[in-house]
Each structure stands twice: as C-alpha cells, then as structure tokens.
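To start, the structure itself, in structure tokens.
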Amino acid sequence: MKIKQISILAALSALFTVSCSNDDGGVTMEEEQDAKGAYEDGILITNEGPFNNGTGTVTYISNDSLLVEDEIFNLENNEDLGNIVQSIAFDDELAYIVVNNSHKIHVVNRNTFKSEAVIDEGLLNPRYMTIANGKGYVTNWGETADETDDFVAIIDLTTNTVSKPIPTELGPEAITSNTDFVYVAHQGAFGQNNKVSVIDTSTDTVLSTLVVGDFPNSMQWDTVGNLWVLSSGAPEYTGTETNGTLTKISTSDNSIAQTFDFETTQHPSDLSVEDDIFYFGMSNAVYSFSSDSDALPTEAYISDVSFYSMTVNDGKLYGTDAKDYASKGDLYIYDLTSKELTNTIPVGIIPGGIYFN
C-alpha cells in the first residue's frame, strides 16, 4: 500500500483552502482542521531512537494507514524530544511523553502535539506513567548503579511538577491503575525482581507487595476488574533459568487469585487484551488465552512472527520490528480474524510503544 505523507496533504490543502463567509460566524476549512488537530484519530508510535546518541521520536499513522508523519513533536515544536523516548500516557486532551535517558516528560496536546509544558526536575530514568485520583504516577529506575534508590514520582498535573517520590522495590517498570490503587510491576531494571507493588492513591503509600513470577513485564485488565500480570521468567543467560507465569490479581482485596506456569524454557512477553481474550508473544509466535480458561494455550494463534513490541486493538494485532536497532523500523498490522498480515509501515528507530489516539 502506498503511504502518503501528511506534509504533502497539508501543502495541497493549503493551496485549495476555501473560506466560508464570516458574515454568519462561519470559519474557514483550514481553521476547522486546526481546531480538530492533525493527529486526532490515529496511531502514535514511540521510537526510542539511538541509545545515548541522538533523539527519540513519535510517528503518527492515520487509522486507515494512508497518512504517515515521522517526528511529529519536532515538526510542531521545532525541537527534539530527547534520548530514549520510552512511553506515552494520556489524560483528557493531554499526552505525557516520557523520555528515559533525558530524565524528563514532555506534556503536549494529544491532537495537535503542540508543547504545553516540560517536567524535568524530580525524575531519574523515568519509564512509564499512569493517571489516578487526579495525579500522575511515573516509575523511575534511579541511578543504574544503585539498587536502593528506585521510586515512583507523583506528578501534580496542575503545575506539571513532581510533588513527591514514593520509594519502591527494585526496578519499577510497567504501571497501571484503577479508581483506588496504582499497581507497579518490578521487572528489576538492570537487576532482577518478581513483585507487584500496590499504592493507595488516597495516601500515596505502598499498601502491599505481591510476589509474582520473575521479570514481570506487562499488565492488563479483564472486564470485571481483575489485573493480569505476565512475567517472562529469568532467561538462561542469568545462570538460573526460571519459567514465565501469568498471574491473576483480585483487586477487590489485592490478593493473588490464580497463577499459570509456563515451561521453564518459555519466556512470554507483551500481554495485551481485547474482549477478555489475552494475547502475548513467545518463541516466535503469538498466543491467545481467554480470561476464563483453566490452562495456558499449547498451540500458537499466529506462527512465525517475532516483535520488539506488540498490542491488539479493534480486531487488529500491531507489532513492531526494531531491525538492526540503528536504522528505521517497521510497524506490522495483522487482521486478528484472518491472521493475515495486512500492512507494513516504516516508522522510526527502535519503535517501542504503540498507542491509539
């Protein structure tokens, strides 16, 4: 499929813009487009960029995949995001772009990508963010050589400042929340961990810590409010290989309700969900698992695929390919019903996050 660039479309639009009469309070077509936002109704890809060299970027892709624009933050603000663009979190009309090595968060309008603020104090190797009880919560690895200084930073969303750090277990990574609690998966940063912390958002203290599998890498919710945690297990190179697990947490009392064990050599990642069907990647394949199943799947749902990151949305599976980690990667789109690859779209360097605006 031929990819048309937004910049070309914008140029043509500028040539043929027709103004409506202002006598009756009308607006021009151009003003109407600006009000909506160029990046509304589409996919945002966070591209990490070269490690310690250069900048990460965000790529926009329209829902029909016909329009693609790279480096949209630079395009709209004439500046770079910084080194290692890690993730994005959304809150109403705002998007929070977490930049790991540069220790900051860019706050932008999610539809225009115009800059609103920069949070650049009180963060140290920030990773992921969630919004709960009117506040932002951001996982931070701290100094890489210190395994005791990891924390979750609380963001005042009114002033865009860090109001308080919450000291945590080693390696806070994935983070999610419901009405009352924030859940933090401790993958271990440059070390190793096997815990999920539960933070009470009314007191901003760690309420409890649950033991799950080694290297918890992703979390998703089912439709009745249970939290599912996928752990990859310790890989062989650690010297003590352990199996991956899929753990169900009952959030009514924050207890572990069920644990599914993989084989010792199986190391799943990238848990995603749609309509209570979970999907994850493992051993060059994608597997599916229903929330009411009593056993893990033994046959692949889609075979002969391997992604740097993946997720599902609206009947499609999206997976990224980081290639050689130095040149631009690709986004692959599969139809979940037919299991067929429907599109391949070039994106930025090391595409790590897939978000739906």
**ring-ring contact (aromatic ring centres under 6.0 Å, His included), paired with Tyr318, selected from Phe307, Phe356, Tyr332** = Phe356
Does a side-chain heavy-atom distance below 4.5 Å link [X] with [Y]?
{"X": "Asn194", "Y": "His186", "result": "no"}
{"X": "Asp180", "Y": "Thr251", "result": "no"}
{"X": "Asp214", "Y": "Gln192", "result": "yes"}
{"X": "Val198", "Y": "Tyr183", "result": "yes"}

**Prompt:** Between Val138 and Ile119, is there a shared hydrophobic cluster once you connect ILVMFWY residues whose side-chain heavy atoms come closer than 4.5 Å?
**Reply:** yes
**Fill in**
Only one of Thr176, Leu207, Leu227, Thr201 passes side chain to side chain contact (heavy atoms under 4.5 Å, CB included) with Phe181, and that residue is Leu207
**Message:** Taking the ring centre of each residue, are Phe262 and Phe280 less than 6.0 Å apart?
**Reply:** yes
**Item:** Where at least one partner belongs to residues 129-178, residue pairs that pass ring-ring contact (aromatic ring centres under 6.0 Å, His included), sequence neighbours excluded
**Value:** Trp141-Phe190
**Asked** Judged by atom type as modelled, is there a donor-acceptor pair below 3.5 Å linking the side chain of Asp321 to the main-chain atoms of Gly329?
**Response** no
**Request:** In sequence, state the C-alpha distance, the side-chain angles, and the governing distance for Val58 and Ile45, and then conclude on side chain to side chain contact (heavy atoms under 4.5 Å, CB included).
**Result:** CA-CA 5 Å; Val58 176; Ile45 307 296; over 6 Å; no
**Request:** Please assess Val184 against Ile199 for the test side chain to side chain contact (heavy atoms under 4.5 Å, CB included), listing each intermediate value before the final yes or no.
**Result:** CA-CA 8 Å; Val184 181; Ile199 296 174; 4.1 Å; yes
**Message:** Pair Val182, Thr130 - check side chain to side chain contact (heavy atoms under 4.5 Å, CB included), show working.
**Reply:** CA-CA 8 Å; Val182 168; Thr130 190; 4.2 Å; yes
**Asked** So, Tyr279 versus Glu274: side-chain donor-acceptor pair below 3.5 Å or not?
**Response** no
**Request:** Could you give me the CA-CA distance, side-chain angles and deciding distance for Glu116 and Asn109, then say whether side chain to side chain contact (heavy atoms under 4.5 Å, CB included) is met?
**Result:** CA-CA 7 Å; Glu116 299 277 345; Asn109 180 291; 3.9 Å; yes
**Residues that Tyr355 engages under ring-ring contact (aromatic ring centres under 6.0 Å, His included), provided they are two or more places apart** = none
